[in-house]
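Protein chains get the first letters and strands the later ones, always in sequence-line order, with residue 1 at the start of each.
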2 protein chains.
Amino acid sequence: MKKKITLKHIARELGVSISTVSKALKNSVEIGADTKEKIQVYAKLHNYKPNNIAVSLKNKRTKNIGVIIPDIVHHFFTTVLRGIENYAITQGYNVIVCLSDESFDKEVINMELLANGSIDGFIMALSAGTQLKGDYNHLKEVTEQGIPLVLFDRVTNEINCDKVVINDREGAYQAVTKFIKDGRTKIAMITTDERFSVSRDRTAGYKQALLDNNMTYDERLILKFPTMEIDEKAIEDFFNTTQVDAVLSVNEIFGIASMRFVQTIGLRIPEDISFIGFTDGILSKYASPGLTAVAQHGELMGEIAAQMLIEKIEIEVEVEEEEIYVTRILEPTLIERGSTRNHKS
Amino acid sequence: MKKKITLKHIARELGVSISTVSKALKNSVEIGADTKEKIQVYAKLHNYKPNNIAVSLKNKRTKNIGVIIPDIVHHFFTTVLRGIENYAITQGYNVIVCLSDESFDKEVINMELLANGSIDGFIMALSAGTQLKGDYNHLKEVTEQGIPLVLFDRVTNEINCDKVVINDREGAYQAVTKFIKDGRTKIAMITTDERFSVSRDRTAGYKQALLDNNMTYDERLILKFPTMEIDEKAIEDFFNTTQVDAVLSVNEIFGIASMRFVQTIGLRIPEDISFIGFTDGILSKYASPGLTAVAQHGELMGEIAAQMLIEKIEIEVEVEEEEIYVTRILEPTLIERGSTRNHKS
DNA sequence: TTGTATGCGTTATCAC
DNA sequence: GTGATAACGCATACAA
């Protein structure tokens with residue numbers, strides 16, 4: 001077991017001082033060519049690498065970014081995480097991942113833990129619990145400490161920080177507009193509690209598109225779940241009692257489950273009923289027929305979030321004045337698959 | 001912007017020494033009740049929390065565990081990661097995630113980066129690149145430095161360390177046995193290069209089951225891809241030219257894609273052809289029909305890996321003697337869905 | 001050109 | 001009971 005070597009070891013072995021070694025390894029011009037050579041050779045030979053922790057303590061920079069997401073077994077978050085990781089690594093940052101598990105308490109605990117020096121900044125999507133509770137003090141504390149924060153996807157206006165979201169409203173609007181163009185007249189929406197920012201915005205877009213096309217907004221065509229948890233029974237009841245010819249779903253699971261069910265009761269997709277789901281994920285792609293989806297560009301979102309965060313981390317905030325925070329809004333894209341087709345043609 | 005408070009601040013404010021503050025906050029009996037009280041109150045009020053980095057430097061323990069996986073947008077790894085995170089958090093550990101992106105080079109870079117003091121131990125699944133290359137020096141170096149390592153799922157015999165895998169061979173054996181019991185006679189297998197440990201073992205189980213049932217092992221019934229990358233065209237060619245009535249797939253993507261294709265050419269599942277896929281994931285569950293799957297119990301695997309790792313981290317390795325490494329083998333479970341059914345009944 | 005001293009925030013040993 | 005001091009590994013301002 002060969003332990004890690006430190007500057008001190010090298011200094012002792014070579015009979016020089018620690019600072020000489022330190023400078024030599026940074027190729028400082030202060031050090032004589034021969035000593036530098038000697039030290040560098042020795043370091044390479046013994047595979048010297050500076051201790052990250054010591055460097056962090058000294059520099060007050062960890063080169064770690066903390067990511068807190070509600071759930072990792074969720075294709076969209078996973079996609080964002082990949083984007084974050086990809087960009088972070090190019091800038092020499094590591095990603096520390098914590099799961100809030102949709103719980104307010106876990107979110108708070110994880111955040112406090114990481115905020116004690118482990119990370120240089122946060123990227124996060126709010127947990128369901130936090131959104132339902134509406135308590136953002138843990139976020140406020142972090143930002144007040146001067147720790148940069150970027151919120152993505154599930155955000156709140158209560159906090160002043162950089163944000164990156166997709167235009168959920170526009171995505172829903174486009175989807176419904178497409179249904180209408182295709183000749184659909186009874187357009188349903190499967191959504192969740194309005195306290196979830198994404199559901200609120202998507203429902204707003206749905207409604208707007210109907211009104212802009214002189215169609216009526218009918219509450220009975222809305223199937224609303226309290227959480228993101230799927231309830232197959234409710235879906236069955238809904239489709240058994242409600243006549244619809246198009247369905248927009250706030251996530252792909254609801255959409256896929258609905259497609260499966262209506263197929264079992266003899267409806268044809270897309271002839272009798274067509275579907276569009278948010279969050280173009282792996283399920284949408286491999287469903288039969290494929291589920292037309294509003295793509296959220298998770299990977300891009302992650303890259304942008306990481307970019308915004310690292311930028312904030314690296315500009316020395318000498319100016320204590322009013323910070324400028326921006327919200328990047330990405331445009332969604334409709335990915336057409338077998339679950340939609342022109343009704344009249 | 002209220003900066004983080006340190007022991008030094010408290011000491012200065014209260015006119016005591018730093019060590020007194022440190023002890024008081026640890027409730028040391030050495031400190032007088034009143035000073036202790038005073039200090040604790042002040043600390044609570046100003047929300048003092050020790051700086052993780054400084055503690056790490058002092059203790060030579062980071063309370064971080066490094067996880068290196070090939071890909072995060074992959075349901076199985078994601079599941080394992082959740083298991084790791086769940087357990088780690090209960091023990092006060094954070095998870096630092098790095099993606100090797102199936103590349104040998106990235107795996108090496110990430111590993112070296114984290115090994116320089118950022119983490120107390122590693123949990124990882126080998127990248128495709130590493131397996132194909134067969135070069136495990138980066139793992140050797142880490143273990144030689146005394147950093148605990150747990151390998152899961154994609155492992156190698158070249159490295160002495162704790163491992164946790166499922167019994168891939170047995171999983172395949174069970175699947176094929178079921179096909180045979182159901183009266184299937186032309187059982188195909190979709191797999192990848194044999195240098196991937198999982199493919200090798202699963203193929204071995206497939207072969208063994210055939211032989212044990214006095215059936216012939218026919219190379220022509222094997223569709224082998226060079227990597228885990230899907231090639232839809234090859235799948236189409238295979239099913240267009242080969243007559244089979246059952247298919248075992250080493251992953252769910254290959255299985256799902258195959259099911260979709262055979263349905264388009266008019267075959268009925270499971271009447272004409274039945275399917276079983278490895279890695280029970282979200283796709284298997286939501287496919288039509290559902291894909292019968294060999295469940296790998298990723299979350300459990302992650303928990304066990306984390307448990308093994310943390311145990312190794314926390315036992316002081318005073319005894320330099322021969323380490324005992326164990327390999328935990330989890331038994332797979334067959335999850336039956338619509339893609340299989342008794343052929344003869 | 002090289003070395004000394006100091007500090008990052010904490011803990012632990014030892015002296016008072 | 002309390003505090004000074006050293007140490008973790010590194011970086012750097014300042015001496016020599």
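- Between His46(A) and Tyr42(A), the two ring planes are parallel [angle under 30°; tilted spans 30° to 60°].
- Between Arg82(B) and Glu303(B), no side-chain nitrogen of the basic residue sits less than 4.0 Å from a carboxylate oxygen of the acidic one, so the salt-bridge criterion is not met.
- Proximity of a side-chain donor or acceptor of Gln307(B) to a complementary backbone N or O of Tyr87(B) within less than 3.5 Å is not detected.
- At a threshold of 4.0 Å, the pair Lys3(B)-Glu144(A) does not count as salt-bridged, since none of the basic side-chain nitrogens sits closer than that to a carboxylate oxygen.
- At least one side-chain nitrogen or oxygen of Lys60(B) sits closer than 4.0 Å to the OP1 or OP2 atom of dG9(D).
- Atom CG of Asn59(A) and atom C1' of dT12(D) are 11 Å apart (whole Å).
- Inspection of the Thr20(B) and Ser17(B) side chains reveals an N or O donor paired with an N or O acceptor under 3.5 Å.
- Asp162(B) has no carboxylate O lying under 4.0 Å from a charged side-chain N of Arg328(B), or vice versa, which leaves the two without a salt bridge.
- Nucleic acid contact class of Ser19(A) (heavy atoms, under 4.0 Å, all strands): base.
- By the 4.0 Å N-to-carboxylate-O rule, Lys63(A) lies too far from Asp120(A) to be salt-bridged with it.
- Residues from residues 26-39 of chain B placing a heavy atom under 4.0 Å of any atom in DNA chain D, listed by number, are Glu30(B), Ile31(B), Gly32(B), Thr35(B).
- Residue Leu57(B) contributes atom CG, which lies 9 Å from atom P of dC10(D) at whole-angstrom precision.
- A donor-acceptor pair shorter than 3.5 Å cannot be found between the side chains of Ser19(A) and Ser22(A).
- Of the possible polar contacts, none joining the Asn59(A) side chain to the Arg61(A) backbone as a donor-acceptor pair under 3.5 Å is found.
- Taking atom NZ of Lys23(B) as the reference point, atom P of dT5(D) lies 14 Å away to the nearest angstrom.
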| request: Output, in order, the C-alpha distance, side-chain angles, deciding distance and verdict of ring-ring contact (aromatic ring centres under 6.0 Å, His included) for Phe104(A) and His138(A). | output: CA-CA 10 Å; Phe104(A) 171 79; His138(A) 52 305; 5.3 Å; yes

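- For the helix from dT1(C)-dA16(D) to dC16(C)-dG1(D), the end axes, each set by the C1' atoms of five terminal pairs, are bent relative to each other by 60° (nearest 10°).
- Distance, Leu25(A) CG to dG9(D) P: 16 Å, rounded to whole Å.
- Applying the 3.5 Å distance criterion, the base of dA11(D) shares no donor-acceptor pair with the side chain of Ser22(A).
- For dG3(D), the OP1/OP2 oxygens have a side-chain nitrogen or oxygen of Ser17(B) closer than 4.0 Å.
- Remark: P of dC10(D) and CG of Asn52(A) are 10 Å apart, rounded to the nearest angstrom.
- Nucleotides of DNA chain C with any atom under 4.0 Å from a heavy atom of chain B span, from 5' to 3', dC8(C) to dC14(C).
- At the phosphate of dG9(D), neither OP1 nor OP2 sits under 4.0 Å from any side-chain N or O atom of Tyr48(A).
- The main-chain N or O of Ser127(B) is never found under 3.5 Å from a side-chain atom of Glu102(B) such that the two would form a donor-acceptor pair.
- Distance CD1 (Ile5(A)) to P (dG9(D)): 12 Å, rounded to an integer number of Å.
- The distance from atom CG of Asn51(A) to atom P of dA7(D) is 18 Å, rounded to the nearest whole Å.
- In this entry the distance linking NZ of Lys3(A) with P of dC8(D) reads 14 Å, nearest Å.
- If you check the side chains of Glu299(B) and Thr79(B), you find no donor sitting under 3.5 Å from an acceptor.
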